[in-house]
Amino acid sequence: MAMMERIGVTKLHHHLLLLVLLLVVAAAGGGSVQAAEEDEMSGRRRRSRRRRAADVMVPITILNSAVDKGAVCMDGTPPAYHLDPGSGGGNRSWVVNLEGGGWCNNARTCRFRTASRHGSSDHMERRIAFTGIMSSAAADNPDFHSWNRVKIRYCDSGSFAGDAFNEGLKLQFRGQRIWGAVIQHLLDVGMASAEHVLLTGCSAGGLAAILHCDQLRALLPAAATVKCLSDGGLFLDAVDVAGGRSLRSYYGDVVGLQAVAPNLPETCTDHLDATSCFFPQNIIDGIKTPIFLLNAAYDVWQIEQSLAPNAADTSGTWRVCKFNRAACNASQLQFLQGFRDQMVAAVRVFSESRSNGLFINSCFAHCQSELTATWNGGSPALQNKGIAKSVGDWYFGRAEVKAIDCPYPCDKTCHNII
């Protein structure tokens with residue numbers, strides 16, 4: 001009997017020990033499950049963050065149907081665009097951005113560009129970031145973030161204005177056809193019912209936005225609000241440091257090579273030559289659609305390539321100054337102030353129209369709408385108002401914006417790039 005009781009107690013101890021062991025294992029297992037769940041949740045959060053990061057990279061659309069219309073890049077490849085669809089109240093509003101990237105004016109430079117994204121869609125990035133005025137983030141782009149935002153890629157090297165085939169070079173200059181084909185496609189996929197449209201562009205794209213502003217207005221519903229923003233596109237027919245007109249000579253080659261003349265505004269070509277009508281200063285007063293000019297008074301591209309190009313600066317006097325404003329001597333600064341004066345004079349009549357807008361700051365910069373830092377993240381300011389706020393106020397009629405900065409070096413809000 002005692003033996004039986006000892007065996008019973010031993011069994012009980014064994015069962016209790018087994019139970020405790022099972023509880024410990026269960027607890028450990030539960031902890032492992034919880035840890036696994038936490039790891040999975042953490043993984044999902046990481047993947048979600050990666051997806052959100054990837055969402056700002058907008059995929060390319062190759063418009064193969066345009067080829068039948070002769071709307072092709074310089075090497076004959078189809079044109080392309082990137083579209084980030086709108087949402088909510090922005091579904092019937094569109095920002096149409098014309099990509100910039102200079103021009104080509106002869107056999108050597110044009111052939112060179114066919115091996116780049118500026119001459120062939122084969123070389124274009126398959127996904128690009130939308131920032132600044134193209135951003136989908138409300139904090140970065142308060143007025144236009146929910147709109148349909150589309151960037152039309154630039155591969156004609158003539159500000160979307162040429163229409164020629166060069167037999168000798170075997171190159172297509174079909175910018176005007178690319179413009180027409182892509183815009184028609186966008187109309188077909190929803191822009192035809194747009195309530196608000198803003199045509200924008202930077203640099204060569206800024207010039208293109210001016211050239212095509214009235215053309216776009218004519219294609220959209222009469223009730224739609226259609227306006228245009230040219231960023232860094234106010235290229236001046238200026239005298240260079242050698243007394244010549246470097247940019248005028250260059251533009252003359254572009255206009256002739258690419259057969260641009262028939263596609264320039266008749267309000268200009270009815271009294272000026274085609275090269276003159278490729279300069280915005282001779283076009284803007286005749287554009288009927290409201291335009292906003294965003295430009296640096298000391299446009300660094302124009303300083304480097306139009307005012308003091310190497311061919312005009314044979315002695316190298318400007319070599320340091322044009323890349324470092326602090327190194328400019330008094331005479332050079334006076335020359336640059338003269339360029340600013342010419343820009344201010346060029347927009348005098350333009351600014352008299354209540355529908356037009358201006359933001360000309362005294363910065364050494366080129367293009368300020370497509371980068372977060374200069375669009376809305378600590379943007380340069382005039383009259384205590386940054387660029388994004390100024391453009392939004394003008395577009396929606398919240399305020400008249402005609403802001404011209406005092407001469408350099410008065411502005412302490414600039415994001416100078418030289």
Side-chain angles (χ1 to χ4, degrees), residues 49 51-58 82-99 128-152 186 190-191 194-202 205-206 209 213 216 220 224-233 289-296 354-361 363 365 367-403 405 411 413-415:
R49 283 195 295 270
R51 280 196 298 271
R52 286 198 298 271
D55 286 344
V56 304
M57 300 297 290
V58 182
H82 301 252
L83 171 63
D84 194 11
S87 60
N91 278 329
R92 300 185 70 179
S93 299
W94 294 71
V95 172
V96 179
N97 181 286
L98 299 175
E99 185 181 29
I128 62 173
F130 273 14
T131 57
I133 194 172
M134 301 297 286
S135 174
S136 61
D140 295 336
N141 190 23
D143 282 313
F144 308 108
H145 69 277
S146 65
W147 290 24
N148 298 282
R149 285 151 291 106
V150 57
K151 179 180 282 289
I152 302 177
L186 295 175
M191 196 169 70
E195 296 175 349
H196 299 90
V197 177
L198 177 61
L199 177 65
T200 78
C202 154
C213 190
L216 182 62
L220 290 162
T225 299
V226 181
K227 300 185 180 184
C228 304
L229 165 65
S230 173
D231 176 14
T289 308
I291 295 180
F292 191 102
L293 297 177
L294 166 62
N295 229 94
R354 294 189 62 185
S355 65
N356 291 331
L358 281 173
F359 191 104
I360 297 180
N361 54 358
C363 303
C367 292
Q368 301 174 88
S369 68
E370 296 181 27
L371 295 175
T372 301
T374 49
W375 174 245
N376 196 41
S379 161
L382 291 181
Q383 301 167 2
N384 297 315
K385 189 184 296 185
I387 293 173
K389 175 67 172 166
S390 297
V391 172
D393 283 354
W394 162 79
Y395 184 89
F396 292 104
R398 297 188 296 241
E400 189 172 287
V401 182
K402 303 286 177 62
D405 212 349
D411 193 335
T413 70
C414 287
H415 291 251

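Gly392 and Phe144 get closest at one heavy-atom pair: CA-CZ, 4.4 Å. When all heavy atoms of Ala194 and Ala224 are compared, the pair lying nearest together is O-CB, 3.4 Å. Of all the heavy atoms in Ala209 and Gly201, the pair that sits closest is CB-N, 4.2 Å. Here the closest heavy-atom approach between residue Met134 and residue Val95 is recorded as SD-CG1, 3.8 Å. Shortest non-hydrogen contact noted between Ala296 and Cys363 is CB-O, 3.3 Å. Here the shortest heavy-atom pairing between Asn356 and Trp394 reads C-NE1, 3.5 Å.
Annotation: side chain of Val58 is not in contact with side chain of Lys151 (no heavy-atom distance under 4.5 Å). Using a 4.5 Å heavy-atom cutoff, the side chains of Asp411 and Leu382 are in contact. In this structure, the side chains of Leu83 and Trp94 come closer than 4.5 Å at one or more pairs of heavy atoms.
Using cut-offs of 30° and 60° for the angle between ring planes, the Trp147 and Tyr395 rings count as perpendicular.
A donor-acceptor pair is defined here as one N or O able to donate and one able to accept, closer than 3.5 Å; no such pair exists between the side chain of Asp393 and the backbone of Arg398. Although no hydrogens or angles enter the test, the distance criterion places a donor-acceptor pair under 3.5 Å between the side chain of Asn148 and the main chain of Ser93. Without hydrogens or angle criteria, Thr131 side chain to Glu370 main chain gives a donor-acceptor distance under 3.5 Å. Checking side-chain atoms of Ser379 against main-chain N and O of Ile387 turns up a donor-acceptor pair under 3.5 Å. A donor-acceptor pair under 3.5 Å is absent between the side-chain atoms of His415 and the main chain of Thr374, judged by distance alone. Ser230 places a side-chain N or O within 3.5 Å of a backbone atom of Gly206 that can act as its donor or acceptor partner. Not a single donor-acceptor pair under 3.5 Å links the side chain of Asn141 to the backbone N or O of Ala138.
With no hydrogens or angles considered, no side-chain donor-acceptor pair links Asp140 and Trp375 at under 3.5 Å.
When Ser355, Cys213, Pro290 are each tested for a side chain to side chain contact (heavy atoms under 4.5 Å, CB included) with Lys227, only one passes: Pro290. The one candidate from Leu199, Ile133, Ile291 that meets the side chain to side chain contact (heavy atoms under 4.5 Å, CB included) condition with Leu229 is Ile133.
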Derivation of the side-chain contact (heavy atoms from CB on, under 4.5 Å) call for Val96 and Ile152: CA-CA 7 Å; Val96 179; Ile152 302 177; 3.9 Å; yes
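Considering SG of Cys202 and CG of Leu371, their distance stands at 8.5 Å, rounded to 0.5 Å. We find the NE2-CE distance between His82 and Met57 to be 9.0 Å, quoted to the nearest 0.5 Å. With values rounded to the nearest 0.5 angstrom, Leu186 atom CG is found 10.0 Å from Leu220 atom CG. Between the NZ atom in Lys389 and the CG atom in Asn376 there is a gap of 10.5 Å [rounded to 0.5 Å]. The distance from the CG atom of Leu216 to the CG atom of Leu98 is 9.0 Å, given to the nearest 0.5 Å. Here the straight-line distance linking atom CG of Asp405 with atom CG of Asn361 works out to 6.0 Å at 0.5 Å rounding.
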